Amino acid sequence: MSEAGHHKDYEGAKLGMWLFLFTELLLFGGLFILYGVYLNRYPEAFKAGGDKLNVFFGGGNTVVLLTSSLSVAVGISALQKGNKKLCLGMLWVTIGSALLFLVNKFFEWSAKISHGIYPGSAHLKEMIPGESVFFGLYYITTGLHGIHVLLGAGILTWVATLVRSDKVHQGDFVTLENAGLYWHLVDLVWIFIFPLYYLIL
Amino acid sequence: MSEHGQGHIINYSTLVTVWLALLVLTATTVAVSRLDLGALNIWAALGIACCKMSLVVAFFMHMKYENRLFQWFLFIALVTLTIFIGLTFFDVLYR
Amino acid sequence: MNDTYSATSSGEGFWANQNGRTGISAWLLSTDHKRIGLLYFWSVTSFFIVGVLLGLLIRLELIAPGFNMMPPQMYNSLFTLHGVIMIFLFIIPGIPAAFGNLVMPIQIGAEDVAFPRLNLLSWYLYITGAALAVISLFSGGGPPDTGWTFYVPFSARTTTNVSLAVFGVFVLGFSGILTGLNFLTTIHRMRAKGMTWTRMPLFTWSLYATAWVQVLATPILAITLVLIMAERILSAGMFDPAQGGDPVMYQHLFWIYSHPAVYIMILPGMGVVSDIIPVFARKPVFGYKAIAISSVAIAAAGSLVWAHHMFVSGMSDLAVLIFSALTFLVAIPSAIKVFNWVTTLHRGSITLDPPLSFALCFIFLFSIGGLGGLFLGAAATDVHVTDTHFVVGHFHYVMFGGTGFAFFAAMHYWLPKYFGRMYNKNIANLSCVIMFIGFNLVYLSMQIVGYEGMPRRYYDYLPQFATLNLISTVGSWILATGLIVMFVNLFRGLRHGEPVGRNPWGGASLEWMVATPPPLENFDGEVEVTHGPYDFKKAGVL
């Protein structure tokens, strides 16, 4: 069945993307259910764990992601207004921010791991129960989030090539918009991760 | 099934304003976390995070300008997650 | 009023080669919902047969106390596999992915689903997940022995190949999510002119409700499976008490998905029955709106009751109370459907063709299962029968007697339309009778021995349960015989039977208004719907 003759459904494509985002919301939601339960059970241990996390890394990454959300939104408005150049520029800023986030994450994790704080480590087993759970959740949640950042960077790169070759353009940009929605979700998850892990003091 | 052009365009100044608000809220949540509000700390943090989420969803993700249907769908998804968390706490809190 | 959308019948319809592709690539690269539906049909049916064989082996092991034809470890793997295959490879995808794909777009007057390429991807994900699960049988420490529920701490510690199997299920879940997302968008965006929400067939309504559950509940399964892998591979300790974790939290996360999952399993089956009953009673369905809304109500209420699987897990008494009370709520919309189906039949002009035979079995067997569910939902009785064969009997009544028989009904109702040929109806009815008898021998026995205290998932049992277990095993052979008769008759008929016209059963929904088999893009020309899906008079078939 050829797609060319068919009228593309802009609203339908966006609807599909939103439904997919709900699945991501519930996916991370499961981890937040666990967080809520264990925070309730081990308030002191969670504070001790949060204390060991670096607010500058966390806060810095927050700013990076918020800015990358701005840049992708600006990029979409730009393409809607016909400004392909600005759109591409903004996409590169977004992708760059994603990579910056991952680099920060790499340094942050390396520091923690070199101090013996990682799932299954002997050091973690010696900690008060609660704190070990805190770090287990921390790694799983930020790890899963990091995978999504990487995937998002990949998707945005692909979309940037589509914009460059005019396959996505002012008259038909739902692919770009959907990629943007995915990226905003990545930002949203971090908006919750930051206070819950870094600011429990 | 044709639309009136594809969607509403958010202007750059709105986007930048939202971004600035988000930065302010981020600073706020860091500041509030330094205060000792006891049990209230976590709710304050969640409250501010929800504000940030609302801004991102409404403006960056365009929800403010979307079809009512999309808004209802988001509501359903959020209610579902809330129920999952809430009912679990009937176990966890009362053991 | 000419209500047909097939000016000419090419005789071959969508079977004719598409876009110049021939042979196997015309199937493996097709984005036609009908071909994808058939790809799913053959896949799920094959896995069903594998699952049946595993079930027969389980019953064979339990034929007599003290009889051990396999080591206990193998028995554990056997029931694990039986569960994983039946649940994730047959029941959950079965009706929605096979028949939903085949039928739903035509029922709403669309030429395909909203995202045809995503639809094909869903099938490939299904096959990938299935392959990973199969590979896990023969690799690593061998097939998982944890039960399909993968409870910690055992699933974290067992040396069998849990991680790979669980990853396979993860991929399968993703397949289901994409199908649900596709169907939701299709139903919202692609209904034909005049196809209002209240003119949609109830099968489509059931798929709509199911799709919501697939989209919202399956991700929780995904994260739960990720957490099992994290426990095993990283020793994350989320559920390990020694590290501060809580094993009951695993159960919460697992059942937050797996309870709604049973509604993913049953709702489409109920939808099939809702479509079949009016056609074979020659009467519009009684209480269309009630049945439509009850589908959504079941999906919603079904998301509130998961911890009724956990009454003896150590959770708080308050939670036990609340979940028990909520569980009774879910019975109400289910009962509404049963009452409405029976009322539809009352004073109808009934033709006992195979689709109706299987649908009637559904109503009877599902009702028994549902009644058993009340004993399980009431916490006071549950504590006595939980983890016994009472539970096993209950869920086989609803999943097999319910969804399984609905799948058979759907096969006999719709496949002639897509293959263009009819099977022998008398033999089909005979197979239904044989299966009904065999089924009840297998599972009623289980309900009784379970009530008497025989535990589930044990490879052996006390001598006092011997007679009923023997009856159950013999029943399984009768059931298997019925299945063989059914499938042989069906497939022979679909290949060599009498050619079938446009509307062999006299249905009033859109799939009976197109050519047999349906053409590639389903409809010739604009579709405009002017009556409901069970308005036989207006459709000109009464």
Side-chain angles (χ1 to χ4, degrees), chain A residues 7-12 14-15 18-19 21-23 25-26 29-30 32-34 36-41 43 50 55 58-59 62-63 66-67 69-74 76-78 80-81 86 170-174 177 180-181 183-185 187-188 191-196 198-201, chain B residues 1-3 5-12 14-16 18-20 22-23 25-27 29-30 32-36 39 41-42 44-46 48-53 55-57 59-63 66-67 69-70 73-74 76-78 80-82 84-86 88-89 91-93 95:
Chain A
H7 192 108
K8 272 194 170 181
D9 183 7
Y10 169 68
E11 291 285 313
K14 263 201 301 191
L15 183 62
W18 272 103
L19 289 169
L21 293 184
F22 298 153
T23 69
L25 174 77
L26 267 307
F32 286 115
I33 294 177
L34 271 187
V37 170
Y38 289 138
L39 172 69
N40 175 263
R41 194 168 292 171
V55 180
T62 306
V63 173
L66 290 174
T67 309
S69 262
L70 172 67
S71 57
V72 74
V74 167
I76 294 171
S77 287
Q80 282 179 288
K81 296 186 202 217
L86 180 59
Q170 186 178 20
D172 177 9
F173 56 87
V174 74
E177 205 171 342
L181 285 176
W183 188 251
H184 292 303
L185 180 93
D187 184 22
L188 278 176
I191 282 176
F192 283 88
I193 290 179
F194 175 56
L196 293 177
Y198 292 83
L199 301 182
I200 297 289
L201 302 170
Chain B
M1 219 166 334
S2 69
E3 279 74 42
Q6 286 184 6
H8 165 278
I9 305 178
I10 303 190
N11 51 46
Y12 303 137
T14 310
L15 293 172
V16 172
V18 169
W19 174 69
L20 288 169
L22 287 167
L23 292 177
L25 285 170
T26 306
T29 200
V30 173
V32 169
S33 73
R34 306 268 177 210
L35 307 169
D36 184 4
N41 268 107
I42 184 77
L46 280 174
I48 296 173
C50 284
C51 288
K52 291 166 84 177
M53 173 177 89
L55 285 172
V56 171
V57 168
F59 293 100
F60 286 168
M61 298 175 89
H62 223 254
M63 190 57 105
E66 293 291 4
N67 218 315
L69 187 72
F70 287 56
F73 278 15
L74 177 61
I76 291 171
L78 289 171
T80 304
L81 182 59
T82 308
F84 290 164
I85 299 177
T88 305
F89 269 91
D91 170 28
V92 170
L93 279 179
R95 294 252 186 102

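Proteins get letters first, then strands, A, B, ... in listed order; numbering begins at 1 in each. Because the structure is predicted, anything quoted here is derived from the model rather than measured.
When each of A:Leu26, A:Ile33, A:Leu70 is checked for heavy-atom pairs under 4.5 Å with chain B, A:Leu70 comes out on top. Note on A:Asp187, A:Thr23, A:Asn40, A:Ile200: by heavy-atom pairs under 4.5 Å with chain B, the leading option is A:Asn40. Chain B forms the most heavy-atom pairs under 4.5 Å with one residue out of A:Phe32, A:Trp183, A:Phe22, A:Tyr198, and that residue is A:Phe22. The choice from B:Thr88, B:Leu74, B:Val18, B:Leu46 that makes the most heavy-atom pairs within less than 4.5 Å of chain A is B:Leu74.
Atom CG of residue A:Leu25 and atom CG of residue B:Leu81 lie 5.5 Å apart, to the nearest 0.5 angstrom. Distance check, rounded to the nearest 0.5 Å: CE of B:Met61 to CG of A:Leu185 gives 6.0 Å. Note that OG of A:Ser69 is 11.5 Å distant from CG of B:Leu55, once rounded to the nearest 0.5 Å. To the nearest 0.5 Å, atom CD1 of residue B:Ile42 and atom CG of residue A:Leu39 are 5.0 Å apart. The NE2 atom of A:His184 sits 12.0 Å away from atom CE of B:Met63, with the distance rounded to the nearest 0.5 Å.
Interface remark: B:Phe73 contributes backbone and side-chain atoms alike to the contact with chain A (heavy atom separation under 4.5 Å). Only the side chain of A:Leu188 comes within less than 4.5 Å of a heavy atom of chain B; its backbone N, CA, C and O stay farther away.
With contacts defined as side-chain heavy-atom distances shorter than 4.5 Å, the pair A:Lys81/B:Tyr12 qualifies. Using a 4.5 Å heavy-atom cutoff, the side chains of A:Lys14 and B:Asn67 are not in contact.
Counting all heavy atoms, side chain and backbone alike, B:Ala49 lies closest to A:Ile191 at O-CG2, 3.7 Å. Contact between A:Thr67 and B:Trp19 at its shortest, heavy atoms only, is OG1-NE1, 3.2 Å. The two atoms that bring B:His8 and A:Gln80 nearest to each other are O-NE2, 3.3 Å, heavy atoms only. Counting all heavy atoms, side chain and backbone alike, B:Ser33 lies closest to A:Leu199 at CB-O, 3.5 Å.
A:Ser77 places a side-chain N or O within donor-acceptor distance of the main-chain N or O of B:Ile10, the cut-off being under 3.5 Å.
Annotation: cation-pi geometry not satisfied between B:Lys52 and A:Phe194 (NZ/CZ under 6.0 angstrom from ring centroid, within 45° of ring axis).
Using cut-offs of 30° and 60° for the angle between ring planes, the A:Trp18 and B:Phe70 rings count as perpendicular.
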